[in-house]
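Naming: A, B, ... by sequence-line order, numbering from 1 per chain.
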Amino acid sequence: DQQVKQNSPSLSVQEGRISILNCDYTNSMFDYFLWYKKYPAEGPTFLISISSIKDKNEDGRFTVFLNKSAKHLSLHIVPSQPGDSAVYFCAASWYGQNFVFGPGTRLSVLP
Amino acid sequence: EAGVTQFPSHSVIEKGQTVTLRCDPISGHDNLYWYRRVMGKEIKFLLHFVKESKQDESGMPNNRFLAERTGGTYSTLKVQPAELEDSGVYFCASSLGPSPSYEQYFGPGTRLTVT
């Protein structure tokens, strides 16, 4: 049973618009969440994270929102750029335990 | 600074054969992790080394998988004998300290195809 879900396998967005990637989790023990970005033939690279004591974390064009009551987090990319086209993985951990990843969402930013 | 490297990048073997994957972490990173992504699904944790010791191997699927990290530097993951369901991309990651306080840096992965 998947503890971290990304229900949209793919998403297409026009360049300059907002990309919203969603992630849902089932384990209420999770207290730290991360987003990784992966290009083809490369390993995932860390993008942004959020602790469960916060509900928002921002880094440049990337913002992660956490709704603990809904067990939901989202990654907003504004404005989207063609170079953002990649697979985005949501990951979660608790009490310093190892990461649990979602299946990924493939984002395509169209010029 | 060199990143995490993995060898080979791709391996095709027949069912029943043995394959050994290698991971060289970033120099100085005591923490080394192995993950696997099967058929475009989620990336699953396999195990975690701290130096040469196995900190957590709860994700290892069965005893056909053997991971070692002699000397606390590079690590190998051996699959013996390989089965069809072992096909996937095996990622290695390393970090200076324990996650999530320290970022995990991933290698490019080894794509294993078992036929």
Which atoms of B:P98 approach chain A - backbone, side chain, both or neither, heavy atom under 4.5 Å: neither
Given a strict heavy-atom distance threshold of 4.5 Å, which part of B:Y105 is in contact with chain A: side chain, backbone, both, or neither?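 Neither part; nothing is under 4.5 Å.
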Region of [X] in contact with chain B, defined by heavy-atom distances below 4.5 Å:
{"X": "A:Q6", "value": "neither"}
{"X": "A:Y36", "value": "side chain"}
{"X": "A:F89", "value": "side chain"}
{"X": "A:S93", "value": "side chain"}
{"X": "A:Y32", "value": "side chain"}

Inspect the surroundings of [atom1] in [X] and state if more than 12 heavy atoms from other residues, nucleotides or ligands are less than 6.0 Å away.
{"X": "A:Y39", "atom1": "OH", "result": "yes"}
{"X": "B:K54", "atom1": "NZ", "result": "yes"}
{"X": "A:R61", "atom1": "CZ", "result": "yes"}
{"X": "B:F7", "atom1": "CZ", "result": "no"}

Say whether [X] and [Y] are linked into one hydrophobic cluster, either directly or through other cluster members, by side-chain heavy-atom distances under 4.5 angstrom.
{"X": "A:L47", "Y": "A:L66", "answer": "yes"}
{"X": "B:I43", "Y": "A:L34", "answer": "yes"}
{"X": "A:V109", "Y": "A:L11", "answer": "yes"}
{"X": "A:F101", "Y": "A:M29", "answer": "no"}
{"X": "B:L77", "Y": "B:L32", "answer": "yes"}

Which value, rounded to the nearest 0.5 Å, describes the distance between A:K38 atom NZ and B:F91 atom CZ?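 With rounding to 0.5 Å, NZ (A:K38) is 4.5 Å from CZ (B:F91).
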Which of B:S58, B:S99, B:S9 touches chain A most, by non-hydrogen pairs under 4.5 Å: B:S99
Looking at B:Q104, B:K41, B:Q55, B:K44, which one has more heavy-atom pairs under 4.5 Å with chain A than the rest? B:Q104
Which heavy atom of A:N98 sits nearest to which heavy atom of B:Y33, and what is that distance?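 Closest approach of A:N98 to B:Y33: OD1-CE2, 3.3 Å.
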Can you confirm whether B:Y35 sits close enough to A:F99 that some side-chain heavy atom of one is under 4.5 Å from a side-chain heavy atom of the other?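 B:Y35 vs A:F99: side chains touch.
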Under 3.5 Å, side chain of B:R111 to main-chain N/O of A:A41, donor-acceptor pair present? no
Kindly state whether the ring of A:F46 and the ring of B:F106 have centres lying under 6.0 angstrom apart. no
